[in-house]
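Inspection log for the structure reproduced underneath, given as structure tokens.
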Amino acid sequence: MDGKPRTSPKSIKFLFGGLAGMGATVFVQPLDLVKNRMQLSGEGAKTREYKTSFHALTSILKAEGLRGIYTGLSAGLLRQATYTTTRLGIYTVLFERLTGADGTPPGFLLKALIGMTAGATGAFVGTPAEVALIRMTADGRLPADQRRGYKNVFNALIRIAREEGVPTLWRGCIPTMARAVVVNAAQLASYSQSKQFLLDSGYFSDNILCHFCASMISGLVTTAASMPVDIVKTRIQNMRMIDGKPEYKNGLDVLVKVIRYEGFFSLWKGFTPYYARLGPHTVLTFIFLEQMNKAYKHLFLSG
């Protein structure tokens with residue numbers, strides 16, 4: 001020991017992960033806004049406010065201006081700072097704890113379980129920011145006298161706690177955690193299978209092109225699998241009290257009402273902006289992961 005303080009690479013890794021997530025949010029926030037508006041459009045009715053994602057985007061730009069499509073950015077940034085940092089931190093710690101003494105990494109199922117555990121825990125920590133994000137992005141579609149008018153994420157959190165009680169900050173926590181579990185499980189499984197399928201086809205080698213294609217397939221599967229849970233989360237977190245009673249009793253009640261009044265395929269409202277946001281995020285996540293793994297093997301494991 002030379003007596004110098006040592007910086008834990010684990011803490012640097014997940015700190016960078018949180019910062020990277022915040023940086024990405026600056027670019028994908030408009031897609032989040034469009035997705036949330038589409039999931040709330042036509043609530044309780046067959047008619048929809050927006051025909052397509054493009055129609056939603058142009059309508060928002062026309063009614064609220066360029067600044068309007070960045071509504072809720074502060075909440076999106078706080079969500080990344082809490083959810084992503086926690087998720088990556090827990091994943092790193094559990095992965096290292098469960099790595100064998102000889103350096104053998106955990107098997108696929110154990111990695112999936114670690115990912116789901118980390119995702120669910122991160123989602124719990126990030127739920128207050130998620131509630132603020134949903135409400136802030138939904139505000140512009142309401143009549144002026146019904147808008148909540150939060151100035152920023154901290155104003156939203158303080159007002160929600162003061163006006164509706166602290167537990168409201170964790171409203172929709174269960175579907176938020178369920179969504180995180182589904183996303184992590186679907187991403188890991190579909191990426192692994194897609195990559196193997198592409199390599200076995202003989203047309204791909206283990207390079208960035210293969211990782212890109214496998215990631216896009218993974219993003220598509222993950223979007224399709226997680227959207228019904230996501231719409232439940234969005235509706236519950238945005239719901240109001242009507243005559244002292246909540247609009248929805250629980251997640252199952254949301255699913256039943258959406259299918260009954262809006263049609264089965266309404267569970268996938270906002271598919272395009274959701275995939276447009278999740279697809280590139282999935283691509284970058286796995287490309288960076290593969291490149292870091294290669295760099296680690298080259299720098300530390302090669303003779």
Give the intermediate values and the outcome of side-chain contact (heavy atoms from CB on, under 4.5 Å) for residues Thr137 and Asp32. CA-CA 8 Å; Thr137 52; Asp32 241 354; 5.7 Å; no
In sequence, state the C-alpha distance, the side-chain angles, and the governing distance for Glu262 and Lys269, and then conclude on salt bridge (charged side-chain N to carboxylate O under 4.0 Å, His left out). CA-CA 10 Å; Glu262 302 167 49; Lys269 272 182 186 174; 2.6 Å; yes
Start with the C-alpha gap between Val34 and Met38, add the side-chain angles, then the distance that decides, and say whether side-chain contact (heavy atoms from CB on, under 4.5 Å) holds. CA-CA 6 Å; Val34 170; Met38 290 188 74; 4.0 Å; yes
Using the rule given for side-chain contact (heavy atoms from CB on, under 4.5 Å), can you reason through Leu33 versus Arg37, listing the C-alpha separation, both sets of side-chain angles and the distance that settles it, and then say yes or no? CA-CA 6 Å; Leu33 177 84; Arg37 292 281 180 94; 4.1 Å; yes
From CA spacing to verdict: side-chain contact (heavy atoms from CB on, under 4.5 Å), Leu61, Leu66: CA-CA 6 Å; Leu61 278 169; Leu66 191 61; 4.1 Å; yes
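Remark: Leu169 CG to Glu130 CD distance equals 13.0 Å, nearest 0.5 Å. In this structure, the separation between SG on Cys213 and CD1 on Ile208 is 12.0 Å, given to the nearest 0.5 Å.
Contact check for Lys195 versus Asp206: side-chain heavy atoms found under the 4.5 Å cut-off. Inter-residue side-chain proximity for Met227 and Thr223 is flagged as met; some heavy-atom pair is nearer than 4.5 Å. The shortest side-chain heavy-atom distance between Lys35 and Asp230 falls under the 4.5 Å cut-off. Under the 4.5 Å side-chain criterion, counting only non-hydrogen atoms from C-beta, Arg135 is in contact with Ile160. For the pair Arg235 and Val258, the minimum side-chain heavy-atom distance is below 4.5 Å. For the pair Leu110 and Phe95, the minimum side-chain heavy-atom distance is 4.5 Å or more. Using a 4.5 Å heavy-atom cutoff, the side chains of Gln237 and Leu133 are not in contact. Counting only heavy atoms from C-beta outward, the side chains of Leu157 and Leu78 approach each other to under 4.5 Å.
When hydrophobic clusters are built by joining Ile, Leu, Val, Met, Phe, Trp and Tyr residues whose side-chain heavy atoms come closer than 4.5 Å, directly or via intermediates, Tyr275 is grouped together with Val183.
For Arg147 and Glu64, the salt-bridge test fails: no basic side-chain N is under 4.0 Å from an acidic carboxylate O.
For the residue pair Ser266 / Tyr261, no side-chain donor-acceptor distance below 3.5 Å is found, with atom types taken as modelled.
In summary, of the residues considered (Pro228, Cys173, Pro175), a side-chain contact (heavy atoms from CB on, under 4.5 Å) with Lys233 occurs for Pro175 alone.
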Tell me which donor-acceptor pairs under 3.5 Å the side chains of residues 68-75 have, and how far apart each pair is, sequence neighbours excluded?
from  : atom 1 : to     : atom 2 : distance (Å)
Tyr70 : OH     : Val26  : O      : 3.1
Thr71 : OG1    : Gly68  : O      : 2.7
Ser74 : OG     : Val153 : N      : 3.0

Which side-chain N or O atoms in residues 116-128 pair as donor and acceptor under 3.5 Å with protein atoms at least two apart or in another chain?
from   : atom 1 : to     : atom 2 : distance (Å)
Thr117 : OG1    : Leu113 : O      : 2.8
Thr121 : OG1    : Thr117 : O      : 2.8
Thr127 : OG1    : Ala123 : O      : 2.7

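Residues forming a salt bridge (charged side-chain N to carboxylate O under 4.0 Å, His left out) with Arg148 (at least two apart in sequence, or on another chain): none.
No donor-acceptor distance shorter than 3.5 angstrom exists from the side chain of Asp253 to the backbone of Tyr248, with no hydrogens or angles considered.
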